[in-house]
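This is a predicted model, so every value here is computed, not measured.
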Amino acid sequence: MILIKNGKVHLGNGKILENTDILIKDGKICKVESDIDEKDVDIIDAKGKEVFPGFIDSITHWGCLGSTFTDMDYEEKTDPVTPQMNIIYAFDAENCTIQELYKAGITTVGVSPSDSNVIAGQIAAFKTYGDSPYEMLVRETVALKGSVTSTVKKTYGDQNKAPKTRMGISSILKNALEEAKKYDPSKEDVAKDEGKAILKKVLNKELPLIVSANTKAEIDGVINLFKDYDIDLTICNAFMAGKSKDSIIASNISLILGEQVNMQDHNDEIDLDKIIDIHEAGVNVSLSTSCDMGAGGQEGLLWNAINVYKAGLDSEEVLKMITINPAKVLKIDDKVGTIEVGKDADVVIYTNNPIECFDSSITHSIIKGKIVYCKGECV
């Protein structure tokens, strides 16, 4: 058992508890209260420090790039519609040692296929520490990944096959949904089709759909295409979401904002003031460090969070964008995203609030009740 004592605890839901203890047992949070008195525990003194739920990077290709960043096992560029592809078979735990994300407080990631296909395959959620994908797995098939970006046009235009245009992308996506709608494997004359079965789950709201869209035209096109479907839809990348603010708010979708710090084609188009307006209107907004980029570095998620804080959003609201909001998008909020009794003991401790200042360093990272990083010590 681990007992974190006297910390300033940020629950991840907007609330802060001063001088609060957290008792961890069997990989779970079992008490969050003041003055916990428990015998036979390993005590972490968090007095004067700030305690957070483990951070969550919503969308990344982390673990799927190979040791030289050349394997690209998350890209299957042979067909624009591959919903049957499962990212778990691209994930290699040994690749994760290149960027030890848990040393920056990132304890969970949504690992996704690339943006090369219109429908690219299934997203899974993983912890950021472990020896195998199956040990690190939080939940398999948390969402289906799609894309309407220029990456699709380039991928298949280079092969001189459809889709080469945004028209082609929309047509293929619409056709795949309509074919899935008609799919009924209970009929004797219908052959089993795993891809259509996955898309059917999207149409039945059993599985979320996360679609990459960069520009205003792409974002508006996705919203219009799906207006007649009652599905659980998230738009990621969303660099020009501010220009589509009203339609996003009206459409009842979620957003994952793409990397703001490193070089991106559309970085200059990000309007954080309007992103804050979208968040304050009740839209679930999460942050990511990857999207089209492969895998972000350790500090990237916090740098993105700091940008939103500097734009004027309260730090506890920003914290939601890297904790409970992505947990909800990935449908793993029953396990992670807040410091709450019964949830996985994913807890990180900082000297100061890393969203509010650069002068902050992580002292402990705990994943499922195990201390995986302690500053100054080998774990």
Side-chain angles (χ1 to χ4, degrees), residues 1-38 41-57 99-109 127-130 138 287 297-306 309 315-324 326-327 335-379:
M1 288 193 293
I2 296 173
L3 181 57
I4 301 171
K5 294 287 293 182
N6 301 317
K8 181 178 180 180
V9 178
H10 302 254
L11 296 179
N13 60 6
K15 295 181 180 179
I16 302 172
L17 303 179
E18 300 282 353
N19 298 316
T20 298
D21 303 346
I22 302 170
L23 182 63
I24 295 169
K25 182 179 180 180
D26 298 329
K28 301 288 184 181
I29 297 168
C30 60
K31 285 184 184 180
V32 182
E33 55 193 62
S34 298
D35 300 320
I36 297 174
D37 185 14
E38 192 77 27
V41 294
D42 294 323
I43 293 177
I44 298 174
D45 183 7
K47 186 174 179 60
K49 297 175 183 175
E50 311 222 9
V51 184
F52 302 88
F55 306 142
I56 302 171
D57 195 343
Q99 275 290 339
E100 297 167 308
L101 299 184
Y102 55 86
K103 290 185 178 179
I106 301 170
T107 58
T108 302
V109 288
K127 302 292 189 185
T128 58
Y129 184 91
V138 178
L287 302 179
Q298 284 183 357
E299 305 85 358
L301 189 64
L302 283 171
W303 287 344
N304 282 274
I306 288 170
Y309 173 70
S315 61
E316 292 305 304
E317 294 300 302
V318 177
L319 179 62
K320 291 178 184 178
M321 294 180 174
I322 57 173
T323 54
I324 189 60
K335 291 179 173 289
V336 296
T338 55
I339 292 177
E340 189 176 343
V341 171
K343 288 193 175 182
D344 289 355
D346 294 355
V347 181
V348 296
I349 304 173
Y350 270 83
T351 55
N352 295 300
N353 190 332
I355 294 171
E356 295 180 354
C357 63
F358 289 107
D359 185 20
S360 177
S361 62
I362 188 169
T363 64
H364 295 80
S365 184
I366 301 169
I367 297 180
K368 292 188 74 173
K370 179 179 180 179
I371 300 173
V372 298
Y373 175 72
C374 180
K375 187 176 183 179
E377 297 181 15
C378 295
V379 177

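The shortest heavy-atom contact between Glu340 and Ile29 is O-CB, 3.6 Å. The shortest heavy-atom contact between Ile366 and Thr107 is O-CG2, 4.2 Å. Residues Pro354 and Phe55 share a closest heavy-atom pair of CG-CZ, 4.4 Å. Of all heavy-atom pairs between Gly369 and Ile2, the closest is O-CD1, 3.3 Å. Minimum interatomic distance between Val51 and Ala46 (heavy atoms only, all atoms of both residues): CG2-CB, 4.1 Å. Shown here for Ile24 and Ala345, the closest heavy-atom pair between the two residues is CG2-CB, 3.4 Å.
Note on ring orientation: taking the six-membered ring where Trp is involved, the planes of Tyr350 and Phe52 are perpendicular (angle over 60°, cut-offs 30° and 60°).
Shown here are the side-chain contact (heavy atoms from CB on, under 4.5 Å) partners of Asp45, two or more places apart in sequence or in another chain: Lys47. Under the rule for a side-chain contact (heavy atoms from CB on, under 4.5 Å), the partners of Ser34 that lie at least two apart in sequence or sit in another chain are Thr20. Shown here are the salt bridge (Lys or Arg N to Asp or Glu O under 4.0 Å) partners of Lys5, two or more places apart in sequence or in another chain: Asp21. Scored by the side-chain contact (heavy atoms from CB on, under 4.5 Å) test, Glu33 finds Lys31, Ile36 as partners (sequence neighbours excluded). For Glu317, the side-chain contact (heavy atoms from CB on, under 4.5 Å) test picks out His279, Leu313, Asp314, Lys320, with sequence neighbours left out.
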- Message: Does Lys127 form a side-chain contact (heavy atoms from CB on, under 4.5 Å) with Val138? I'd like the steps, not just the answer.
- Response: CA-CA 6 Å; Lys127 302 292 189 185; Val138 178; 3.8 Å; yes
- Report the C-alpha distance between Asp37 and Asp35 in whole Å, list the side-chain angles of each, state the deciding distance to 0.1 Å, and finish with yes or no for side-chain contact (heavy atoms from CB on, under 4.5 Å). CA-CA 6 Å; Asp37 185 14; Asp35 300 320; over 6 Å; no
- Task: Carefully, step by step, assess His10 and Asn353 under the rule side-chain contact (heavy atoms from CB on, under 4.5 Å).
- Result: CA-CA 10 Å; His10 302 254; Asn353 190 332; 3.8 Å; yes
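Side chains of Ile371 and Ile44 form a contact here, defined as non-hydrogen atoms less than 4.5 Å apart. Within the 4.5 Å cutoff, side-chain heavy atoms of Asp344 are placed close to those of Lys28. Side-chain contact between Tyr373 and Glu100 is absent, with no heavy-atom pair separated by less than 4.5 Å. No side-chain heavy atom of Ile322 sits under 4.5 Å from any side-chain heavy atom of Asn304.
Residues in residues 354-364 take part in these side chain to side chain donor-acceptor pair (under 3.5 Å) pairs, two or more places apart or across chains: Ser315-Glu356, Ser361-Lys375.
We find the CD1-CD1 distance between Ile4 and Ile349 to be 4.5 Å, quoted to the nearest 0.5 Å. Here CD of Glu299 is found 10.0 Å from CG of Leu101. Values are rounded to the nearest 0.5 Å. In this structure, the separation between CD1 on Ile339 and NZ on Lys15 is 14.0 Å, given to the nearest 0.5 Å. Atoms CG and CD1, from Leu302 and Ile355 in turn, are 6.5 Å apart once rounded to the nearest 0.5 Å. Ile16 CD1 to Lys8 NZ: the interatomic distance, rounded to the nearest 0.5 Å, is 5.0 Å.
Electrostatic pairing of Lys335 and Asp346 does not count as a salt bridge here, judged by no charged N lying under 4.0 Å from a carboxylate O.
Screening Ile106, Ile56, Ile306 against Leu301 for a side chain to side chain contact (heavy atoms under 4.5 Å, CB included) leaves a single residue, Ile106.
Summarising the local packing, NZ of Lys343 is surrounded by more than 12 heavy atoms from other residues, nucleotides or ligands at distances under 6.0 Å.
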